[in-house]
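Before any comments, here is the structure.
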Protein chains: 2
Amino acid sequence: MPRRTAAVDRRAERDALDPRIPLHERVQEALRRRVEEGEFSPSSPLPAEGELAGAYDVSLGTMRRALAGLASAGLLERRQGDGTYLRRARMDGSLFRFFRHGADTDAVPGSRIVDRSVTRADEQVADALGCAVGAEVLHLRRHRLRGDVAFLVEDIWLPLPRFATLAERPLQEFANLLYPMYESECGSVVASASEELTVGAADAAEAPVLGCAEGEPVVVVERRARLHTGEVIEFRRTRGAAAGFRYRVEIR
Amino acid sequence: MPRRTAAVDRRAERDALDPRIPLHERVQEALRRRVEEGEFSPSSPLPAEGELAGAYDVSLGTMRRALAGLASAGLLERRQGDGTYLRRARMDGSLFRFFRHGADTDAVPGSRIVDRSVTRADEQVADALGCAVGAEVLHLRRHRLRGDVAFLVEDIWLPLPRFATLAERPLQEFANLLYPMYESECGSVVASASEELTVGAADAAEAPVLGCAEGEPVVVVERRARLHTGEVIEFRRTRGAAAGFRYRVEIR
DNA sequence: GAGTGGTCTAGACCACCCT
DNA sequence: GGGTGGTCTAGACCACTCA
């Protein structure tokens, strides 16, 4: 006997939202919540658009519009003839692209975690992560490498308990890129980020690592990485010698 | 007698494109070409969607989809109850926002043009503007001011003859923001830009203007501003003392 | 009030992927 | 062949803007 999905009635979820906003947006929001609760996975498709349309009691066109919106927001991925899937993070994206330093290569630098600890958020970290001052956070310090030579020092703060599994995991198992790990280990997909650049001076501790003298100018990049919801889940501060530093941005 | 737009038949433009690509994309491309040829202006609306649908002999839904695509690509702007317009550069937008320097204000700095001349493009300018080395270009040098104090020095190169009117115009008539002038005086709408940041050292000439000592670190921002077509119409190099410099980017 | 874009529906047909 | 998403159409009604 063929498996048959019961025609669940989801009008209630749809109607829980402000009726003044368009129907396709309400449906989109209802679906978004299910996505964010982890109801779907990237490996098996969501119900077909027709079935979803029935469950939410909207026309196919309206459901298609809602799904298209979620797809263009990067939450879903649709494949003709196959199905609609939860989107996995795209490691090729602009989030990783525009760090160029010295040599004219776009290669992702290597990395080495030199410290990991659970600490308490100071004022700046708490402000960035939106948690209380003194809340427990996971702190990582990494060196980014070109070949075997470090040229960037990164401090990364992650809220707990969201990232608790990363506090336990053997350091050797940390990948070069962290965002895919955030997704696979902690179910947290980075959707957007903002960065702020300033120029400071190398302190005595970092100068040898960065290959410059104490007091020489360093570029400081502070990044806040966010979920689709806007919640900040990573605060990262990267420091590198200003000489040879190059940062590129595309503005639209 | 009320003005009536003749129902021009534009099926030919639409059918000039590869019939294997979807109709709404072909229509979009046909419209895009008209936009790029300057047929429309930001101050008067395009024909109504229904009229366009008739001209291209497609359904309203298909035309709506084409227009929505051009709108989300940033080429057009649609206002309910009003009309569809060519999008003007958004002076509020990211193009102008993220220069923060010292004081925590987002106010647009004042400016004073201290030099204007017609010169020949050196290698870097020619490369940026996509013209020949030695081609005539218009060069402007500006000081950007907070209050009455300069804190940024800008060199701007513009291709000729596109910007010929700016070579004649009295300097007093130059506005604080140049992009609206590019649009109104030269019919050139800036649609996108890319910037590249590096750190250098103040030379003897600029140090007094920037309020720092010779050899102190300065931030250098090189910007290429482009039309919708991608053609670069401005190359700009801005220098400012690194101390107190802050540059912010939003990444999606 | 006339005209614009925005929403929503209903249904036909096509292209693609699987087994 | 059966099911998926993609395209396209046709038309009703609503919300907004402007004169």
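Here is the naming used below: chain letters follow the sequence lines, and residue numbers restart at 1 for every chain. These numbers were taken from a predicted model, which means no experiment stands behind them.
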Side-chain heavy-atom pair A/Arg65, A/Val58 within 4.5 angstrom cut-off: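 The answer is no; the side chains never approach within 4.5 Å.
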
Could you check whether atom CZ of B/Arg34 has more than 12 heavy atoms from other residues, nucleotides or ligands sitting under 6.0 Å from it? yes

If you count the non-hydrogen atoms of other residues, nucleotides and ligands that lie under 6.0 Å from CZ in A/Arg79, is the total more than 12?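 Enclosed.
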
In whole Å, I'd like the distance from the [atom1] atom of [X] to the [atom2] atom of [N].
{"X": "A/Tyr85", "N": "D/dG5", "atom1": "OH", "atom2": "C1'", "result": "11 Å"}
{"X": "B/Glu77", "N": "D/dC16", "atom1": "CD", "atom2": "C1'", "result": "15 Å"}
{"X": "B/Leu46", "N": "C/dG3", "atom1": "CG", "atom2": "P", "result": "19 Å"}
{"X": "A/Glu49", "N": "D/dG6", "atom1": "CD", "atom2": "P", "result": "7 Å"}

Got a sec, which residues hit ring pair (Phe, Tyr, Trp, His ring centres under 6.0 Å) with B/Phe235, two or more places apart in sequence or on another chain? B/Trp157

Quick one: pull up [atom1] in [X] and [atom2] in [Y] and give me the separation to the nearest 0.5 Å.
{"X": "B/Glu39", "Y": "B/Arg33", "atom1": "CD", "atom2": "CZ", "value": "13.5 Å"}
{"X": "B/Arg162", "Y": "B/Leu227", "atom1": "CZ", "atom2": "CG", "value": "5.0 Å"}
{"X": "B/Glu185", "Y": "B/Thr165", "atom1": "CD", "atom2": "OG1", "value": "5.5 Å"}

Please write out each protein N/O paired with an N/O of nucleotides 14-18 of chain C under 3.5 Å, distance rounded to 0.1 Å.
unit_1	atom_1	unit_2	atom_2	d
C/dA15	N3	A/Gln80	OE1	2.9
C/dC17	O4'	A/Gly81	O	3.3

With a cut-off of less than 4.0 Å, is there a side-chain N or O of A/Arg78 near OP1 or OP2 of D/dG6?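 Result: yes.
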
C/dG5, OP1 or OP2 - any side-chain N/O from B/Thr84 closer than 4.0 Å?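 Checking B/Thr84 against C/dG5: at least one side-chain N or O falls below 4.0 Å of OP1 or OP2.
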
Short N/O separations, protein against nucleotides 8-11 of chain C, under 3.5 angstrom:
unit_1	atom_1	unit_2	atom_2	d
C/dC8	OP1	A/Leu23	N	2.3
C/dC8	OP2	A/Leu23	N	3.0
C/dC8	OP2	A/His24	N	3.0
C/dT9	OP2	A/Ser59	N	3.0
C/dT9	OP2	A/Ser59	OG	3.1
C/dT9	OP2	A/Thr62	OG1	2.4

Using a strict 4.0 Å threshold on nitrogen-to-oxygen distance, state whether B/Arg78 and B/Glu49 make a salt bridge. yes

